[in-house]
Amino acid sequence: MSDRVQQAFGLIRQPFDKDVPSEMLWIDQGREQALERLIDTVQHRQHALVEGESGVGKTCVQRALKEQLSPVHFRVQYVVHVTLGPRDFYRQLCYALGIEPKSTPAAMFEAIQRECIANSAEHRSHSVVVLDEAHLMPDSTLGHLHLLTNFHWDSEPLLSLVLVGLPELTERLRLGVHRSLLTRIHTKVELPPGSPETTAAYVRKRLSDAGARHEIFTADGLGVLHELSGGLLRSIDVLALASLRLAASQDSRLIDRELVRKAFHLTPLS
């Protein structure tokens, strides 16, 4: 955001930037409940599935999960480059776990399992791997995941997987070839778009965290913002920022429905 916008509205930081400090993450009641279920699942050393439309706030929940799990008892690794075949996927996983990649998928598989076993035995810490955009994984790679969770004849839960993706991920897992993985997942969390009230609360919090001392969006402005964004956090960020920029350029200190509509046509959302 330009300095002009911050000066116009008396802000000390960018309210709709991606680089949100952990203590300022947006966790409403619905996300709090989802987060509690995920934490409980991982603490029981089980696997979870997180689904939601693009921009609904899945990354926010992932960040909050890592923040709330004790770094002493849990080793959380995040893997986003999942559109790979088994060999390169194992290589990415080795890098995430701090393991030197081996020459073959079988050797890397064994190294990953040994790392999880050592992590549990020597450090009393449970390994957690978050796989973002899991709906993009090739079938050949997705079909390997249930093998990663099999320790000591499938008797010891030494690794928890958290699969994160779009709603079609469940449909893929229901296919016969992936049923073995689906039956290992204990918890499914669905993140829906926000309600009008949630959108208004989200915008107000982000602005307040950025230093706003008074209302910037009118009630009808927030209503149109929700309507045009569909309650998706990423779209709210884009449209709210565009509205702030347009308001600053017009020396307007209040953003109403008409200004939001004008800003909408200046974004890729229109």
Is [X] reaching over with its side chain to a backbone N or O of [Y], donor-acceptor style, under 3.5 angstrom?
X	Y	result
R37	K188	yes
R172	H135	yes
T141	M137	no
S243	L239	yes
R206	P15	yes
S229	H226	yes
D220	D256	no
R184	L145	no

Could you state the interatomic distance from [atom1] ([X]) to [atom2] ([Y]), rounded to the nearest 0.5 Å?
X	Y	atom1	atom2	answer
Q113	L159	CD	CG	8.5 Å
L181	H178	CG	NE2	8.0 Å
R4	S249	CZ	OG	6.0 Å
L246	I255	CG	CD1	8.0 Å
L169	R174	CG	CZ	10.5 Å
N119	I117	CG	CD1	11.0 Å

Classify the ring geometry of F16 against Y202: parallel below 30°, tilted from 30° to 60°, perpendicular beyond 60°.
tilted

Which residue is it: H126, H123, E115? I am looking for the one with a side-chain hydrogen bond (donor to acceptor under 3.5 Å, both in side chains) to R75.
E115

Report, as yes or no, whether the 6.0 Å neighbourhood of atom CD on Q29 holds more than 12 heavy atoms from other residues, nucleotides or ligands.
no

Among the clusters formed by ILVMFWY side chains lying less than 4.5 Å apart, do [X] and [Y] turn up in the same one?
X	Y	answer
V189	L69	yes
F9	L222	yes
I185	V177	no

[X] vs [Y] side-chain heavy atoms within contact, under 4.5 Å:
X	Y	value
L131	V164	no
E67	E23	no
V260	F217	yes

Got a list of side-chain donor-acceptor pairs under 3.5 Å for residues 83-101, not counting sequence neighbours?
from : atom 1 : to   : atom 2 : distance (Å)
R87  : NH1    : S103 : O      : 2.8
Y90  : OH     : H144 : ND1    : 2.9

Within residues 259-270 or reaching into it, pairs that qualify as side-chain hydrogen bond (donor to acceptor under 3.5 Å, both in side chains) - sequence neighbours excluded:
none

Distance-only check: which donor-acceptor pairs under 3.5 Å involve side-chain atoms of residues 45-61, not counting sequence neighbours?
from : atom 1 : to   : atom 2 : distance (Å)
H47  : ND1    : L161 : N      : 3.0
E51  : OE1    : T170 : OG1    : 3.0
E51  : OE2    : T170 : N      : 2.8
E51  : OE2    : T170 : OG1    : 2.3
S54  : OG     : R234 : NH1    : 2.9
K58  : NZ     : G52  : O      : 3.0
K58  : NZ     : E53  : O      : 3.1

Under the salt bridge (charged side-chain N to carboxylate O under 4.0 Å, His left out) test, which residues partner D209, sequence neighbours left out?
K205

Hey, are R204 and E215 close enough for a salt bridge, meaning a charged N less than 4.0 Å from a carboxylate O?
yes

Sequence-distant partners of Q68, side-chain contact (heavy atoms from CB on, under 4.5 Å), two or more places apart:
L35, I39

ring-ring contact (aromatic ring centres under 6.0 Å, His included) pairs touching residues 53-82, sequence neighbours excluded, are none

